[in-house]
Colleague: 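One structure, as structure tokens, below. Some questions next.
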Amino acid sequence: MAENIKVAKGLAGVITDETSVSKVMAETNSLTYRGYAVQDLCEKCSWEEVAFLMVNKELPSSNELADFIKTEKEYRNISKDLLDVIHKFPKGSHPMDTLRTGVSYLGMEDERIWNNSAVVNMDKYIRMLAKIPTIIAAAYRHKKGKAFIDPSNELTASENFFHMCFGKIPAKEVIKAFDVSLILYAEHSFNASTFATRVITSTTSDIYSAVCGGIGALKGPLHGGANEQVMHMLKEIGEVKNAKKWILNALVNKKKVMGFGHRVYKSGDSRVPTMTKYAEKIALFTGGEKWIQISNILRDTMIKEKNIYPNLDFPAGPAYYMMGFDIEMFTPIFVMSRITGWTAHIMEQAADNRIIRPLSAYVGSPQREVLSIEERKP
Ligand code: COA
């Protein structure tokens with residue numbers, strides 16, 4: 001330990017900058033995007049309206065929304081070259097790795113890569129918003145040995161994603177639940193992946209590099225990867241009758257229970273009630289009620305025994321599973337949404353930039369002499 005230096009491990013409690021993108025209010029378990037309560041956005045807005053809001057700072061007028069959707073639809077296709085590259089990836093690769101490489105490829109295809117102006121970054125944003133779902137669906141079909149399905153310009157973003165993955169569109173209730181999950185996942189202030197995108201942007205690197213960094217950070221199970229781990233855990237428990245014993249055993253063994261806990265929220269995550277409500281609706285459609293029942297036992301026991309509450313990944317994981325997605329698709333879906341928040345932060349950082357460069361407390365060897373190789377210990 002360095003003497004007389006207070007280290008903020010994990011940057012806990014450190015305010016590193018100002019932001020106008022979102023406000024996380026742990027005291028009231030609430031969250032606003034650009035001043036709007038996230039629950040209101042879920043009930044009153046489409047995913048596309050929120051995707052516009054995040055980066056443009058205001059909700060769109062009907063003309064602005066129509067233009068935004070038109071551009072997004074025009075960008076949905078990916079190049080034949082990128083599709084060929086995806087088809088060369090090892091079938092065992094995780095779609096987050098495919099996506100990280102795919103977004104990197106999008107950057108290489110963009111001649112404007114070094115143009116970081118706000119206008120060009122706005123266009124690059126819509127390009128990524130439109131193409132990321134296509135890359136994920138292409139990776140999914142490739143792994144299944146199935147042919148790529150072209151995106152459709154007739155469909156909303158969410159409908160189009162189901163179409164590209166499964167060749168069909170589910171009931172409107174499922175689409176609404178998927179839209180809601182995207183809205184809830186869109187943004188959450190200085191979380192690890194967003195901070196990674198801001199660090200990369202602060203060096204005046206390009207937006208594609210920043211997003212690749214964000215994808216790398218989001219993949220980790222302590223962050224976005226938790227939604228996949230939640231479903232692995234629920235499947236391991238398997239049946240309602242096993243749930244109580246499983247969770248008590250996990251706590252005795254000091255196991256980290258995925259989908260629980262949060263750096264900022266200590267008495268409940270603002271997004272959980274809305275996602276839980278929609279997960280319960282999906283369960284009625286799919287007959288997946290047992291996942292809800294197991295989840296309820298885990299939640300009640302964690303709160304009673306540890307006073308630790310579920311985070312958004314806890315209801316989102318089973319919701320995606322009940323919608324028919326393979327578990328490894330969950331975190332890539334998170335990226336489809338978080339590209340909005342990342343871009344809002346990337347543009348905010350670029351507009352008022354100072355390179356992010358914290359200090360460290362050195363605890364290594366004192367300064368010493370370099371010995372010749374003969375003088376060193378054998
Ligand atoms: N299961 C069991 N115990 C947990 C827990 C969990 N999911 N999350 C936190 N705790 C415990 C810690 O062990 C610690 O206990 P201690 O004080 O006895 O050591 C205490 O709660 C505080 O947790 P801490 O690790 O300091 O919180 P953090 O702010 O550093 O980490 C997370 C936050 C989200 C990384 C952490 O809660 C976690 O790993 N959760 C599981 C992964 C997850 O769901 N991630 C998605 C986040 S949205």
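Atoms within a ligand are numbered from 1 in the order they appear, just like the ligands themselves. For the single chain, residues carry numbers from 1 onward in sequence order.
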Colleague: Is it the case that the ring center of His232 lies less than 6.0 angstrom away from the ring center of Phe330?
Modeller: no

Colleague: Give the single entry among Lys306, Glu305, Lys256, Met258 that approaches atom 25 (O) of ligand 1 most closely by any heavy atom.
Modeller: Lys256

Colleague: Taking the ring centre of each residue, are Phe166 and Tyr140 less than 6.0 Å apart?
Modeller: yes

Colleague: For atom 15 (O) of ligand 1, is the nearest protein heavy atom closer than 4.0 Å?
Modeller: no

Colleague: Counting only non-hydrogen atoms of the protein, does one fall under 4.0 Å from atom 43 (C) of ligand 1?
Modeller: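 Within 4.0 Å: yes, protein heavy atom nearby.
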
Colleague: Can you list the ligand 1 atoms lying under 4.0 Å from a non-hydrogen atom of Ala226?
Modeller: 43 (C), 44 (O), 45 (N), 46 (C)

Colleague: Among all protein heavy atoms, pick the one closest to atom 11 (C) of ligand 1 and tell me residue, atom and distance.
Modeller: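 Checking every protein heavy atom, the shortest distance to atom 11 (C) of ligand 1 gives Ile308 CD1, 3.6 Å.
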
Colleague: Give me each pair satisfying ring-ring contact (aromatic ring centres under 6.0 Å, His included) with a member in residues 276-312, each pair once, sequence neighbours excluded.
Modeller: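 Qualifying pairs, neighbours excluded: Trp291-Tyr321.
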
Colleague: Find all atoms of ligand 1 within a distance of less than 4.0 Å from any non-hydrogen atom belonging to His223, and give their numbers and elements.
Modeller: 46 (C)

Colleague: Pairs in or reaching into residues 76-117: which pass ring-ring contact (aromatic ring centres under 6.0 Å, His included), with residues at least two apart or in two chains?
Modeller: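 Counting only pairs at least two positions apart or across chains, the ring-ring contact (aromatic ring centres under 6.0 Å, His included) contacts touching residues 76-117 are His87-His142.
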
Colleague: For ligand 1, indicate whether the residue Leu222 contacts it via side chain, backbone, both or neither (heavy-atom separation under 4.0 Å).
Modeller: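 It is both parts that get close, each with some atom under 4.0 Å.
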
Colleague: Short list, please: which atoms of ligand 1 are under 4.0 Å from a heavy atom of Gly259?
Modeller: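 It comes down to these atoms of ligand 1: 43 (C), 44 (O).
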
Colleague: Determine whether any heavy atom of Lys255 lies closer than 4.0 Å to an atom of ligand 1.
Modeller: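 Heavy atoms of Lys255 do come under 4.0 Å of ligand 1.
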
Colleague: State whether a side-chain donor-acceptor pair under 3.5 Å links Thr331 with Glu228.
Modeller: yes

Colleague: How close does the nearest protein non-hydrogen atom get to atom 34 (C) of ligand 1, and which residue and atom is it?
Modeller: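 Ranking protein heavy atoms by distance from atom 34 (C) of ligand 1, first comes Gly261 O, 3.7 Å.
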
Colleague: Quick check on Gly10 - does any of its heavy atoms sit under 4.0 Å from an atom of ligand 1?
Modeller: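 Under 4.0 Å: no for Gly10.
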
Colleague: Can you tell me how far apart CH2 (Trp246) and CG (Leu298) are? Round to the nearest 0.5 Å.
Modeller: 7.0 Å

Colleague: Quick one: look up the protein heavy atom nearest atom 7 (N) of ligand 1 and list residue, atom name and how far away it is.
Modeller: Val257 O, 2.7 Å

Colleague: Would you say Tyr320 and Asn227 are linked by a side-chain donor-acceptor pair, where the criterion is simply a distance under 3.5 Å?
Modeller: no

Colleague: Quick one: which of Lys254, Arg263, Arg271, Lys266 has a heavy atom closest to atom 33 (C) of ligand 1?
Modeller: Arg263

Colleague: Between Asp313 and ligand 1, find which residue part has any heavy-atom pair under 4.0 Å and reply side chain, backbone, both or neither.
Modeller: side chain

Colleague: Could you go step by step and tell me if Lys176 and Asp179 meet the salt bridge (Lys or Arg N to Asp or Glu O under 4.0 Å) rule?
Modeller: CA-CA 5 Å; Lys176 176 64 188 171; Asp179 258 21; 5.7 Å; no

Colleague: How about His345 and Phe190: are their ring centres within less than 6.0 Å of each other?
Modeller: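 Here the rings of Phe190 and His345 have centres that are less than 6.0 Å from each other.
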
Colleague: Could you tell me the residue and atom name of the protein heavy atom closest to atom 41 (C) of ligand 1, and the distance to it rounded to 0.1 Å?
Modeller: Phe260 O, 3.3 Å

